[in-house]
Protein chains: 2
Amino acid sequence: MQLTKRQAEIYHYLLDNADHFDHPPSHDELCQALGLRSRGSLHKHIQALVEAGLVEPMDRTHRGIRLVEQAEPEAGIPFLGSIAAGRPIEAVTQPEFMQVPEELLGTRPCYVLQVRGDSMIDAGILDGDYVVIEQRDSARNGDIVVALVNNEEATLKRIEQQPGRVILHPANASMTAMNYTPDAVVIQGVLRGLLRSYY
Amino acid sequence: MQLTKRQAEIYHYLLDNADHFDHPPSHDELCQALGLRSRGSLHKHIQALVEAGLVEPMDRTHRGIRLVEQAEPEAGIPFLGSIAAGRPIEAVTQPEFMQVPEELLGTRPCYVLQVRGDSMIDAGILDGDYVVIEQRDSARNGDIVVALVNNEEATLKRIEQQPGRVILHPANASMTAMNYTPDAVVIQGVLRGLLRSYY
DNA sequence: TGATTTGTTCTCCCCTGGTTCTCTATTCTA
DNA sequence: TAGAATAGAGAACCAGGGGAGAACAAATCA
């Protein structure tokens, strides 16, 4: 259902101030905060929000103006899919969330990918491991990064950036490093943590 | 259940003053403290708190207003210390707790140790990694276990149990497996997960 | 055991606050 | 430009929240 301008205004006020109130506000308090003089007018708006499913119906209970539980902040960080050298990231249809120790998180947003293949095995990253990736578009030489190559292949490699070229080093004695021009390689994130499940 | 404003007020008063009382307060004392003149009125509020599960039901016992212990669910599993081949587990003085994805947990209690040394490097377990250990006293051949050897040395190795002897295999080409009698090796847990932090 | 606390129940009452209604002003739209 | 939609004011209504106090019963104390 479409909100009117005023309804949206009031809804946003409620959103912004949800934590300011120690108790849900009464109609009178809200009227004052919103510059209304009539409880009746406010009630009409609140009623519209209830019908739109944004506010809990409050059947005569006092101080009952409560926002509908927004999708509770899903704990953890999203598990997005799997990464295998030479293919695009294979996304899961429904992102799941994984609880990750804070020690493995950076300040920037992070996500989790599952590693396919053995290209980083000498760095202790095995087939099936989960890697925590911090979203960044730049990296320092020596970092292990998720890189998008030629706009189609995603890969997890150690990066070496030199003037005029970018080298992606696997960590596998049986594989060789690859050379690219800088504009062929887009850094999508930097390896920040690793999770492995046995059994 | 949602508390009314007054109920929340009283509950917070109880929380704030829980330690001030040498014994749980009587209704009369609380009335005085809260500025109420009627025990009956207070009783209604306390009753609501009991129904909300915040106050112990006090079936007619005198001076019985007691808060329900809010067993705050300690998030995560304990980080106990570090394990290095050939030494006892070095315990941290104050166990910290780490958030660990459910995928790495078993049904039994788990704890976290930090790995010191390179003895399992060929299994992708590096110096500094955190391992999630499930408490068990037995393991299957091939499992990586925390084993207490000769009642003094703790070590993380792949186990092979044969009639009359136990072999602990490192995963490092430059190290050799060790043979023990079964009673010299006590299994303390089985490797269940691994966490690694880069940077 | 009798007196005193103290928890419980109940009834009465007032005020706050949600609801409903009507009336009016303004803005938008066909 | 007329009618609809949107907004607000304010009155009236009444249920819920909160308190007072009496009466009672169980626990505790002297």
Side-chain angles (χ1 to χ4, degrees), chain A residues 1-70, chain B residues 1-70:
Chain A
M1 194 184 117
Q2 192 68 24
L3 294 186
T4 68
K5 194 175 165 192
R6 191 68 168 129
Q7 284 161 15
E9 228 175 279
I10 292 177
Y11 179 55
H12 285 125
Y13 179 87
L14 287 174
L15 278 182
D16 291 344
N17 293 278
D19 12 327
H20 289 205
F21 300 110
D22 39 351
H23 307 283
S26 70
H27 280 186
D28 268 349
E29 285 168 357
L30 267 185
C31 278
Q32 206 158 6
L34 292 163
L36 284 172
R37 282 207 246 168
S38 158
R39 260 181 296 159
S41 309
L42 176 65
H43 180 260
K44 245 190 301 183
H45 290 130
I46 299 292
Q47 214 44 40
L49 293 179
V50 169
E51 274 160 37
L54 298 171
V55 168
E56 297 277 357
M58 45 178 297
D59 196 37
R60 297 201 162 271
T61 54
H62 283 198
R63 306 193 153 266
I65 299 177
R66 257 184 286 268
L67 295 176
V68 165
E69 276 309 310
Q70 298 308 94
Chain B
M1 192 184 115
Q2 193 68 26
L3 296 185
T4 68
K5 193 180 177 189
R6 190 71 168 126
Q7 285 160 15
E9 238 175 85
I10 293 176
Y11 180 56
H12 285 126
Y13 178 87
L14 288 174
L15 278 181
D16 291 344
N17 294 279
D19 359 323
H20 288 204
F21 299 110
D22 40 350
H23 45 70
S26 71
H27 280 186
D28 266 346
E29 284 167 355
L30 267 186
C31 277
Q32 206 157 8
L34 291 163
L36 282 173
R37 283 205 248 169
S38 158
R39 260 180 298 158
S41 308
L42 176 65
H43 182 261
K44 247 192 297 184
H45 290 128
I46 299 293
Q47 214 44 39
L49 294 179
V50 169
E51 273 159 39
L54 298 171
V55 167
E56 298 276 358
M58 45 177 298
D59 197 36
R60 298 202 161 273
T61 54
H62 283 198
R63 309 196 144 269
I65 299 176
R66 249 183 289 270
L67 294 176
V68 167
E69 280 306 315
Q70 294 303 87

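Within every chain, numbering begins at 1; the chains are lettered A, B, ... in the order of the sequence lines, protein sequences first and strands thereafter. Since this is a predicted model, take the numbers as computed values, not measurements.
- Among C:dT6, D:dT6, D:dG17, the nucleotide with an atom closest to any side-chain atom of B:Ser26 is C:dT6.
- Of the inter-residue distances, the one linking B:Glu9 atom CD with B:Leu34 atom CG reads 8.0 Å to the nearest 0.5 angstrom.
- Distance from the side chain of A:Ser41 is smallest to D:dA9 among D:dG21, C:dG18, D:dA9.
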Test A:Glu29 against A:His23 for side-chain contact (heavy atoms from CB on, under 4.5 Å), laying out the working first.
-> CA-CA 11 Å; A:Glu29 285 168 357; A:His23 307 283; over 6 Å; no

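- When all heavy atoms are compared, the tightest approach of B:Cys31 to B:Arg39 is SG-CA, 3.7 Å.
- Judged by distance alone with a 3.5 Å cut-off, a donor-acceptor contact links the side chain of B:Ser38 to the base of D:dG21.
- Taking side-chain N and O atoms only, B:His45 has a distance below 4.0 Å to OP1 or OP2 of D:dG19.
- When the P atom of D:dA5 is taken as reference, atom CG of A:Leu3 falls 17 Å away, rounded to whole Å.
- Closest to the side chain of A:Met58, out of C:dT6, D:dA7, C:dG18, is C:dG18.
- Each of C:dT19, D:dA7, D:dA15 was ranked by its minimum atom distance to the side chain of A:Gln47; first place goes to C:dT19.
- Comparing atom distances between the B:Leu36 side chain and each of C:dT6, C:dT9, D:dA20 picks out D:dA20 as nearest.
- Side-chain atoms of B:Arg6 stay outside donor-acceptor range of the base of D:dG17, with no qualifying N/O pair under 3.5 Å.
- For B:Lys44, the listed nucleotide lying nearest its side chain is D:dG18; candidates were D:dG10, D:dG18, C:dT8.
- Counting only heavy atoms from C-beta on, A:Arg37 has its side chain closest to D:dA9 among D:dA7, D:dG19, D:dA9.
- Within the 4.5 Å cutoff, no side-chain heavy atoms of A:Leu3 are placed close to those of A:Ile10.
- Within a 6.0 Å sphere centred on CG of B:Asp16, other residues, nucleotides and ligands contribute more than 12 heavy atoms.
- A donor-acceptor contact under 3.5 Å is formed by the side chain of A:Arg39 with the base of C:dG18.
- For D:dA27, its base never sits under 3.5 Å from the side chain of B:Thr61 at any donor and acceptor pair.
- Taking every side-chain heavy atom of A:His62 into account, C:dG17 is the closest of C:dG17, D:dT28, D:dA7.
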